[in-house]
Amino acid sequence: MNVTIPYSPRKQQAFIHTELDKHRFSVLCCHRRFGKTVMLINHLIKCCMMNRNHQPRFAYIAPTYSQAKKIAWDYLKFYTKPLMTWGGSRNESELRIDLFNGSRVQIFGADNPDSIRGMGFDGVVLDEYAIMSPRVWTEIIRPAVSDKLGWVLFIGTPMGHNQFWEVYDYAQRGHKDWYGKLYRSSDTKVIPEEELEQARQIMTPEQYEQEFECSFTAAVSGSYYGRLITKADKDGRIGYVPVD
């Protein structure tokens, strides 16, 4: 019996699914309304079906438990519904889906990181990592994927030079097993130009650059050269050079 999941990824999303399979640690910086939550939930479901480990475990983590429940739980139930015809169970109180093959996806909030401590995962999504405590990654998640050699995906939109920028910058430096990619609205064409123009009229240039063009410097309070640095980055005039 064949079961079809009601998910048709856009071109960029299909490319991301392929790239995530190639790297253990990935950092994706995506503009607002890119469709990342739907993409992430479906990637977790795909991993549940493809993983050959015994009872594979996957986690989706949002900044708060309430936010995770509002944003991701309905998506997870919707996209796994066709698979439930083969068996499995759904736990509303623990925001957990157990599929027929023994795999599990569970939703957590980073506002209570110690509730995750001690668990082991084959894969973890950290959604909007920019507004999580850095210890969620270093103290909780990094050890949690060690024994299974699990993968971790950081994803979000810039909010200045914080922990999200740090992992994105680290991924950009070519470290083994790391992958980083940035998706601006001007490149993806996901949002109609007319809608973007209306957003420009309401938002400040700095806000627009941060939310839709994924600038890490544009909206930094007190930044004198944010716009110039953002333009230099878009023009490809910022890179890595040997120390003089």
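These numbers come from the heavy atoms of this one structure, side chains and all, not from hydrogens, waters or symmetry mates.
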Identify the two heavy atoms, one from [X] and one from [Y], that lie closest to each other, and give their separation to 0.1 Å.
X	Y	answer
Thr80	Leu76	OG1-O, 2.6 Å
Pro82	Pro6	CG-CD, 4.0 Å
Arg142	Ser146	O-OG, 3.0 Å
Ile107	Tyr65	O-CE1, 4.1 Å
Pro63	Asp127	CD-O, 3.3 Å
Cys214	Leu182	O-CD1, 3.6 Å

Between [X] and [Y], is there a shared hydrophobic cluster once you connect ILVMFWY residues whose side-chain heavy atoms come closer than 4.5 Å?
X	Y	value
Ile191	Phe15	no
Val145	Val27	yes
Phe212	Tyr168	no
Trp73	Met39	yes
Tyr75	Val190	no

Between [Y] and [X], is there a salt bridge with N-O shorter than 4.0 Å?
X	Y	answer
Arg200	Glu193	yes
Asp122	Lys148	yes
Arg96	Asp98	yes
Arg173	Glu166	no
Glu139	Arg117	yes

Does [Y] offer a backbone N or O that forms a donor-acceptor pair with the side chain of [X] under 3.5 Å?
X	Y	result
Ser26	Leu153	no
Gln13	Gly35	yes
Asn42	Val38	yes
Gln55	Ser103	no
Glu94	Gln106	no

In terms of ring plane angle, is the pair [X] and [Y] parallel, tilted or perpendicular, where the classes change at 30° and 60°?
X	Y	result
Phe34	His31	perpendicular
His17	His43	parallel
Tyr129	Phe164	perpendicular
Phe58	Trp151	tilted

Donor-acceptor pair between [X] and [Y] side chains, under 3.5 angstrom:
X	Y	result
Glu213	Ser186	yes
Ser93	Asn91	yes
Trp178	Gln172	no

Could you check whether any side-chain heavy atom of [X] comes within less than 4.5 Å of a side-chain heavy atom of [Y], counting everything from C-beta outward?
X	Y	answer
Leu83	Ile5	yes
Leu99	Met84	yes
Cys29	Phe216	yes
Ile131	Met159	yes
Leu95	Lys69	yes
Thr157	Glu211	yes
Leu28	Phe154	no
His161	Thr217	yes

Under the criterion side chain to side chain contact (heavy atoms under 4.5 Å, CB included), I'd like the reasoning laid out for Met49 against Asn101: C-alpha separation, chi angles, the key distance, then a yes or no. CA-CA 8 Å; Met49 301 305 297; Asn101 63 352; 4.2 Å; yes

Start with the C-alpha gap between His175 and Tyr170, add the side-chain angles, then the distance that decides, and say whether ring pair (Phe, Tyr, Trp, His ring centres under 6.0 Å) holds. CA-CA 7 Å; His175 292 283; Tyr170 188 84; 3.7 Å; yes

Out of curiosity, [X] [atom1] to [Y] [atom2], how far, rounded to the nearest 0.5 Å?
X	Y	atom1	atom2	result
Gln12	Asp187	CD	CG	9.0 Å
Cys48	Ile45	SG	CD1	7.5 Å
Arg24	Leu149	CZ	CG	5.0 Å
Asp111	Gln67	CG	CD	9.0 Å
Ile155	Leu20	CD1	CG	8.0 Å
Met50	Asp21	CE	CG	8.0 Å

Test Glu206 against Tyr208 for side chain to side chain contact (heavy atoms under 4.5 Å, CB included), laying out the working first. CA-CA 5 Å; Glu206 291 79 12; Tyr208 182 86; over 6 Å; no

With salt bridge (charged side-chain N to carboxylate O under 4.0 Å, His left out) as the test, would you mind laying out the steps for Arg32 and Glu128 before giving the verdict? CA-CA 11 Å; Arg32 293 296 178 202; Glu128 297 295 356; 2.8 Å; yes

Can you list the steps and then say if Asp114 with Arg135 is a salt bridge (charged side-chain N to carboxylate O under 4.0 Å, His left out)? CA-CA 10 Å; Asp114 290 324; Arg135 66 182 286 262; 3.3 Å; yes

State which residue, out of Leu126, Ile71, Val124, fulfils the side-chain contact (heavy atoms from CB on, under 4.5 Å) condition with Tyr60.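 The single option meeting the side-chain contact (heavy atoms from CB on, under 4.5 Å) with Tyr60 is Ile71.
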
In this structure, which one of Phe108, Phe121, Trp137 forms a side-chain contact (heavy atoms from CB on, under 4.5 Å) with Ile61?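 Per the side-chain contact (heavy atoms from CB on, under 4.5 Å) rule, the option paired with Ile61 is Phe108, out of Phe108, Phe121, Trp137.
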
Could you please spell out the steps behind the side chain to side chain contact (heavy atoms under 4.5 Å, CB included) verdict for Tyr179 and Phe25? CA-CA 6 Å; Tyr179 169 76; Phe25 303 105; over 6 Å; no

Under the criterion salt bridge (charged side-chain N to carboxylate O under 4.0 Å, His left out), I'd like the reasoning laid out for Glu195 against Arg33: C-alpha separation, chi angles, the key distance, then a yes or no. CA-CA 12 Å; Glu195 180 66 18; Arg33 309 314 303 162; over 6 Å; no

